[in-house]
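We use all heavy atoms of the structure for the numbers below, so side chains are in, but hydrogens, waters and symmetry mates are not. First the proteins, then the strands, lettered A, B, ... as listed; each starts at 1.
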There are 4 protein chains.
Amino acid sequence: MPSVRSRAAPPRARRRAGEIIDAAASVFAERGYHGASTQDIADVLGIRQASLYYYFGSKEEALEQVCMLGVEGFVERATAIVHAPGTATDRIRALVAVHLAPLGDRRDYVRVFLRERGHLPDVARRRVGRLSRRLERLIEEVFTAGVASGELRADLDPRLATLAMLGMCNAVPAWLPVETGLSIEAVAQALATVLLDGARGRADARRTLRRPR
Amino acid sequence: MPSVRSRAAPPRARRRAGEIIDAAASVFAERGYHGASTQDIADVLGIRQASLYYYFGSKEEALEQVCMLGVEGFVERATAIVHAPGTATDRIRALVAVHLAPLGDRRDYVRVFLRERGHLPDVARRRVGRLSRRLERLIEEVFTAGVASGELRADLDPRLATLAMLGMCNAVPAWLPVETGLSIEAVAQALATVLLDGARGRADARRTLRRPR
Amino acid sequence: MPSVRSRAAPPRARRRAGEIIDAAASVFAERGYHGASTQDIADVLGIRQASLYYYFGSKEEALEQVCMLGVEGFVERATAIVHAPGTATDRIRALVAVHLAPLGDRRDYVRVFLRERGHLPDVARRRVGRLSRRLERLIEEVFTAGVASGELRADLDPRLATLAMLGMCNAVPAWLPVETGLSIEAVAQALATVLLDGARGRADARRTLRRPR
Amino acid sequence: MPSVRSRAAPPRARRRAGEIIDAAASVFAERGYHGASTQDIADVLGIRQASLYYYFGSKEEALEQVCMLGVEGFVERATAIVHAPGTATDRIRALVAVHLAPLGDRRDYVRVFLRERGHLPDVARRRVGRLSRRLERLIEEVFTAGVASGELRADLDPRLATLAMLGMCNAVPAWLPVETGLSIEAVAQALATVLLDGARGRADARRTLRRPR
DNA sequence: CATGAATGAGCATTCATTCAT
DNA sequence: GATGAATGAATGCTCATTCAT
């Protein structure tokens with residue numbers, strides 16, 4: 001099951017097509033979908049605006065491709081984690097890590113997915129929306145299971161915890177390029193800890209943590 | 001050859017002007033700044049598009065007004081909280097509450113501030129950016145103080161905690177209208193608890209909480 | 001025969017109306033008819049744009065009034081000169097003087113008449129055009145008479161001489177405010193001499209002029 | 001966040017581009033810069049208004065191009081004449097001739113330069129203004145030299161003579177299309193004679209001229 | 001692969017004008 | 001006398017898109 005819509009192969013050159021979508025992603029990320037013109041994309045590539053239409057059929061289609069590449073893999077990876085053995089705590093840490101991982105090499109794609117998917121035409125928006133909701137449900141399941149097993153607070157609202165986690169994680173691409181000095185992995189670690197144990201930390205955890213530091 | 005046309009500044013009726021930017025806020029929130037046309041705003045108001053220009057000088061100016069009303073008061077309220085007596089925990093709870101409060105009557109303004117301020121012209125963007133940064137610094141101070149006093153985890157990165165908190169809170173307007181059944185105050189309570197004690201909760205807190213539920 | 005179109009007197013206040021047309025003349029002179037907005041005129045007066053319409057019915061009407069005040073009197077004065085006794089030389093000197101005289105207190109009106117009358121609506125343009133042509137014909141008559149009497153060069157084309165004179169004179173308002181150090185009367189003297197005797201001067205005149213200088 | 005959008009500058013087809021500013025020149029000459037709409041220009045060409053923007057970036061830029069083509073060559077030709085050997089009289093005759101020559105094939109460009117250059121944006125206006133002033137200075141030099149050599153009247157003000165000459169010449173495009181029966185060269189001859197010897201003519205010249213006529 | 005040329009639709013903005021107050 | 005509010009019509013300009021080459 002190919003993640004990117006397979007078409008009649010040629011005459012669309014695969015290699016160059018990737019550069020074109022890269023450019024689109026970067027421009028959409030920078031200026032927003034409606035704030036970016038196809039001319040802006042062409043400028044990045046050093047080609048004429050009309051030439052873009054050799055690679056995509058419309059600006060909306062370009063947005064759709066970028067968005068799909070922005071979510072692609074998220075659900076698969078989350079599914080694997082949720083179905084793997086381990087405590088809720090382990091799974092949540094892994095989900096956070098995997099959620100932030102693509103910021104390394106796909107930041108623009110992810111940012112565009114997060115902020116611009118709302119401008120997709122109806123059909124595509126719903127397609128993309130289904131993926132998002134599936135992902136949210138997977139995360140929510142982990143919280144629900146954690147509460148049920150007594151591993152997480154009994155009064156935790158799993159829906160709200162999910163949204164808190166997504167809020168924390170999805171904000172990262174907005175400040176990551178600016179706030180320096182931290183690797184993506186370190187950020188994931190720290191955020192997962194806040195999510196699990198809070199700013200005050202668990203009483204037992206604090207005892208362990210205080211000394212070595 | 002007058003250098004700058006200083007005209008007598010039409011005294012923009014206060015009452016109606018409020019309705020006009022209300023409409024602008026709602027349209028910008030719905031479709032994004034660049035995705036919204038001034039015609040869309042006029043349609044909401046049931047007036048002609050040209051009539052808008054009696055109330056604002058340009059679409060950009062309208063965005064600026066909406067953004068300013070979106071941050072207005074945030075810094076003041078945060079400052080009051082930070083300087084009030086109490087534990088870091090109290091202050092953080094109060095900050096979260098106060099951060100979410102305007103979502104009741106000003107959701108559109110806040111959403112526009114959060115998502116569209118990047119499209120403001122340079123001067124205005126910097127002005128608005130200064131406010132944001134001041135707010136972030138206030139929040140960070142609270143975390144720093146909490147760590148120093150031993151109330152918060154010694155290994156907590158105050159900068160990161162701030163960004164986590166802002167991520168959690170700023171995501172709320174995106175789902176609040178959809179996810180029903182919770183008052184803003186309840187959301188604030190729950191998010192503050194996650195932020196302070198995590199999904200697992202503090203060992204002592206859990207004992208108290210488990211029973212009544 | 002009233003020079004300005006007489007109307008039912010009130011409610012048009014005479015005094016203030018003069019100031020309004022003054023402002024219009026100055027703005028039209030500065031920026032051209034189509035380059036000037038009614039707002040510009042209102043700015044000069046420190047009133048609201050809508051208030052102008054108390055004084056004139058349309059922008060075009062304002063232009064017409066300005067243009068009429070710009071030619072007003074020209075024909076009458078030229079007629080008087082042409083019919084007065086004296087040599088062609090005297091008459092031409094007097095025509096030049098009288099042609100430039102209004103530049104003192106009515107420069108804007110004259111400039112607008114000269115450069116903007118073409119933008120008048122058909123009826124008004126023709127009315128104004130008739131005045132211009134009458135003036136030209138008066139001047140041409142003087143040249144024709146001068147040639148006939150032998151006072152002017154036999155091979156002089158009166159039509160062309162007229163156009164040369166008008167060209168010289170009508171260019172003056174364009175540079176008068178800039179080129180300093182000369183009164184309007186002095187300019188008129190000098191231009192008339194060039195027109196009559198040329199840059200080289202008449203053989204006899206030169207003899208007279210050279211010494212005293 | 002690219003500060004200035006440097007785009008690959010469409011290589012504007014030379015041939016067609018010429019026709020486009022031809023049309024612009026004719027429309028600007030006819031109705032004035034502010035009185036002409038880009039639609040008017042498109043109508044002349046039989047293309048859509050938006051298509052114009054393939055050839056120029058803005059209406060102002062079109063005006064600038066027209067103005068530049070309107071002065072282009074003037075200074076060069078005047079310089080050549082001023083530096084050529086010959087009497088002041090010869091030079092002035094040549095300057096007048098060369099000044100009027102472009103009215104044959106470039107009347108619209110010259111008219112636009114003469115009447116509309118004031119509406120150019122600051123930078124362009126100054127650029128164009130420098131050319132004008134250089135031209136005026138060249139002409140003035142000839143008059144100054146002529147006075148110094150005794151060839152012209154001792155009491156001639158070279159500045160004023162320059163302005164008289166320019167006034168006479170620059171008025172020509174306004175009536176040339178209307179007043180028939182004279183070639184541009186004949187007009188140049190006649191005007192130069194008026195400028196040099198006046199309407200009365202020099203005493204010696206008159207003797208020669210009277211008889212044959 | 002890519003481009004030059006052109007277009008149709010839409011957009012923000014300006015402007016002269018109106019009219020009840 | 002003058003104004004606040006609004007409007008209809010245009011204006012300059014942008015933009016996604018098309019298509020023959």
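- If you check every strand for non-hydrogen atoms under 4.0 Å, B:Ala36 touches sugar and phosphate atoms only.
- Nucleic acid contact class of B:Ser51 (heavy atoms, under 4.0 Å, all strands): base.
- A residue-by-residue look at D:Gly46 and C:Glu60 shows that D:Gly46 has its nearest nucleotide of DNA chain E further toward the 5' end.
- In this entry the distance linking CG of B:Asp43 with C1' of F:dT7 reads 15 Å, nearest Å.
- B:Arg48 places its CZ atom 18 Å from the P atom of E:dT18, with the value rounded to the nearest Å.
- The OH atom of D:Tyr54 sits 15 Å away from the C1' atom of F:dT17 (whole-angstrom rounding).
- Here the nucleotide nearest the side chain of B:Ser58, chosen from E:dC11, E:dT13, E:dA2, is E:dT13.
- The aromatic rings of C:His34 and C:His119 stand perpendicular to each other, their planes meeting at an angle above 60°, with 30° marking the opposite boundary.
- Rounded to whole Å, the distance from OH on C:Tyr53 to C1' on F:dA5 is 16 Å.
- Taking atom CD of residue C:Glu61 and atom P of nucleotide E:dA16, one finds them 15 Å apart after rounding to whole Å.
- A salt bridge links D:Glu64 with D:Arg127: at least one charged nitrogen is closer than 4.0 Å to a carboxylate oxygen.
- Between B:Leu52 and D:His34, the residue anchored closer to the 5' end of DNA chain F is B:Leu52, taking for each the nucleotide with the nearest heavy atom.
- Residues D:Lys59 and C:Gln49 each lie close to DNA chain F; by heavy-atom proximity, the contact nearer the 5' end of the strand is made by C:Gln49.
- The side-chain heavy atoms of A:Arg16 and A:Ile21, taken from C-beta on, include no pair separated by under 4.5 Å.
- Nearer to the 5' terminus of DNA chain E, by closest-nucleotide assignment, is the contact made by D:Ile20 (compared with the other of B:Asp40 and D:Ile20).
- In this model, the phosphate group of F:dC15 is not approached by any side-chain N or O of A:Thr38 to a distance below 4.0 Å at OP1 or OP2.
- Using Watson-Crick or G-U wobble geometry with both donor-acceptor distances under 3.5 Å, E:dT21 finds its partner in F:dA2.
- Relative to the side chain of C:Ala50, the nucleotides F:dA2, F:dG4, E:dT7 differ in distance, and F:dG4 lies closest.
- Side-chain contact between D:Tyr33 and D:Val112: absent, with no pair of heavy atoms (C-beta onward) separated by less than 4.5 Å.
- A straight line from CZ of C:Arg15 to C1' of F:dG1 spans 16 Å, rounded to a whole angstrom.
- Put simply, CZ on A:Arg31 is 12 Å from P on F:dA16, counting in whole angstrom units.
- Ionic pairing of B:Arg106 and B:Glu72 is present here: one or more N-O contacts between side-chain nitrogen and carboxylate oxygen are shorter than 4.0 angstrom.
- No hydrogens or angles were tested; on distance alone, nothing pairs the side chain of D:Gln39 with the base of F:dG12 as donor and acceptor under 3.5 Å.
- Counting to the nearest Å, the P atom of E:dT17 and the CZ atom of C:Phe56 are 8 Å from each other.
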